[in-house]
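All residue numbers in this chain count up from 1 along the given sequence.
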Amino acid sequence: MFGALPIAFTYYWRMKMPETPHYTALGAMNAGKASEDFSKLLVMNNNNSNNIIEQVQAVDQRNDVVCGAADHDDDDKKGISFGLFSKMFARRHGLHLLGTASTWLLLDVSYFSQNLFQKEIFTAVGWLPAAHTMGALDELFNFARAQTLVALCGLILGYWVTVILIDLIGRVTIQLIGFFFMTVFMFALAIPYHHWTQKHNSTGFVVMYALTFFFANFGPNSTTFIVPAEIFPARFRSTCHGISAAAGKAGAVIGAFGFLYAAQDQDKSKANPGYPAGIGIKNTLFLLAAVNVLGLLFTFLVPEPNGRSLEEISGEIEECESNKSNPITDQFN
């Protein structure tokens, strides 16, 4: 319950923040409110800031508020005001939304399967003793130590490599690299699985397993929540990001419950009490490798946003050029 307190503070402070002028102008199509919000965000420290505010406020006095829409006929208005469930959205951004939602879903199927059931996997390969051979505190200590090593060598390191390289090589490139090497290491664990179950090889298995986490974070676990915030038009951006995130949470549910059942031993007598026979950890690793391959393929539906403005990525510049002017962005070009 303590975790609800930061959320409550975040909610309060977010309600006190003005809406982004970009959304207010291009999404809500209210240039007057956009200029008002923009003035709140600017630091008033020189004459140039005052001039910018005056220019933005002048937008409200023009009839062609957004992309000259007020001066054009209804057909032109439709070109810039299509809805989320329109044919225009499907034509322009449908594949992009499929790409962001599917890759997030597929990532979480694989990632949560690996992450939530580390204890079962490490026990299966002999890196950790079986639970019934340890006391509660010993089990807690051994499992926490194993997870910490994986987190330090894989998860945290992968995130920082992403931070360093994301603006150098791009989001989509990182996502492709991540899915590719997650697939490679999953196959490297699954194909010689019997080899890894030998006691003297368990450390090698854990190193390989940690590398799958490294390439998850230097890969789709970082980029799948960044890209949807950059590639959609302002009026759809939060909605499309939310749809993509919801797909990811569905993938997490599939991964958590699916692995729990799938990883059970193929011999019913060796499965955990209360569970039916599964396909075993080896075959489950093959299945997760296939999931990563699908994630790799669906990544090709996602455009690369690196080094481009939000308007250029989302196609809003093209919309405005087709209607001859964009007084919002003209103030800053």
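The distance from the OG1 atom of T223 to the CH2 atom of W104 is 10.0 Å, given to the nearest 0.5 Å. One finds the CD atom of Q114 at 8.0 Å from the CG atom of L285 (value rounded to the nearest 0.5 Å). Rounded to the nearest 0.5 Å, atoms CZ (F225) and CG (L107) are 10.5 Å apart.
Aromatic ring centroids of Y209 and F213 lie under 6.0 Å apart.
Side-chain polar atoms of Q175 and T224 form no donor-acceptor pair below 3.5 angstrom. Under 3.5 Å, the side chains of S110 and N292 contain a donor-acceptor pair of N or O atoms.
Here R308 does not pair with E230 in a salt bridge; the nearest charged N to carboxylate O distance is not below 4.0 Å.
L301 pairs in a side chain to side chain contact (heavy atoms under 4.5 Å, CB included) with only one of the listed residues (T103, T100, L98), which is L98.
Using the six-membered ring where Trp is involved, F89 and F232 have ring planes that are parallel, under 30° apart on the 30 and 60° scheme.
Looking only at distances, no side-chain donor or acceptor of Q264 sits under 3.5 Å from a matching main-chain atom of A277. Put simply, the side chain of S102 gets close to the backbone of G99: a donor and an acceptor are under 3.5 Å apart.
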(message) Is there a side-chain contact (heavy atoms from CB on, under 4.5 Å) between F218 and F181? Walk through the geometry before answering.
(response) CA-CA 10 Å; F218 177 50; F181 281 103; over 6 Å; no
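Within a 6.0 Å radius of CG in L137, other residues, nucleotides and ligands contribute 12 heavy atoms or fewer.
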